[in-house]
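These numbers come from the heavy atoms of this one structure, side chains and all, not from hydrogens, waters or symmetry mates. Residue indices begin at 1 and follow the sequence shown.
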Amino acid sequence: MRSKWRVTLTEKEKTKLQKQREDELIQKIHKLVQKRDFLVDDAEVERLREQEEDKEMADFLRIKLKPPDKVTKSSASSRAEKKAEPPPSKPTVAKTGLALIKDCCGATQCNIM
């Protein structure tokens with residue numbers, strides 16, 4: 001019994017239909033590899049964005065939850081640091097941070113704010 005899928009064919013032995021089918025399969029594999037590469041790249045960008053959001057949120061919470069005596073000491077010690085950090089009463093939060101707070105609390109203004 002002769003097998004339909006002979007792997008050991010040389011290029012000369014392949015029919016036009018077999019060559020066409022092989023080309024189609026190679027194109028499908030190529031498209032799948034491109035999709036996979038896109039998804040991997042997209043996942044990496046998303047991971048980096050989430051990592052940045054986590055850092056922003058940690059910085060925001062560190063400033064917001066700092067005891068009042070430390071806030072006044074640190075702001076009095078260096079004006080350059082005060083300019084680098086957002087003021088404790090009006091923190092600067094990226095849109096992504098606000099979206100995170102909205103998802104967390106169900107409102108655009110969090111209780112912490």
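Between Leu48 atom CG and Glu52 atom CD the span is 9.5 Å, to the nearest 0.5 Å. The distance from the CG atom of Leu32 to the CD atom of Gln27 is 11.5 Å, given to the nearest 0.5 Å.
For Lys19, there are no salt bridge (charged side-chain N to carboxylate O under 4.0 Å, His left out) partners two or more places apart in sequence or in a different chain. Residues meeting the salt bridge (charged side-chain N to carboxylate O under 4.0 Å, His left out) test with Glu50, sequence neighbours left out: none. Every residue meeting the side chain to side chain donor-acceptor pair (under 3.5 Å) condition with Glu11, not counting sequence neighbours, appears here in chain and number order: Lys14. Glu24 pairs by the side chain to side chain donor-acceptor pair (under 3.5 Å) definition with nothing, not counting sequence neighbours.
Sorted by first and then second residue, the pairs that involve residues 30-46 and meet salt bridge (Lys or Arg N to Asp or Glu O under 4.0 Å), not counting sequence neighbours, are Glu44-Arg47, Glu46-Arg49.
Other members of the cluster containing Ile29 are Val33, with ILVMFWY side chains joined at under 4.5 Å, either directly or via other members.
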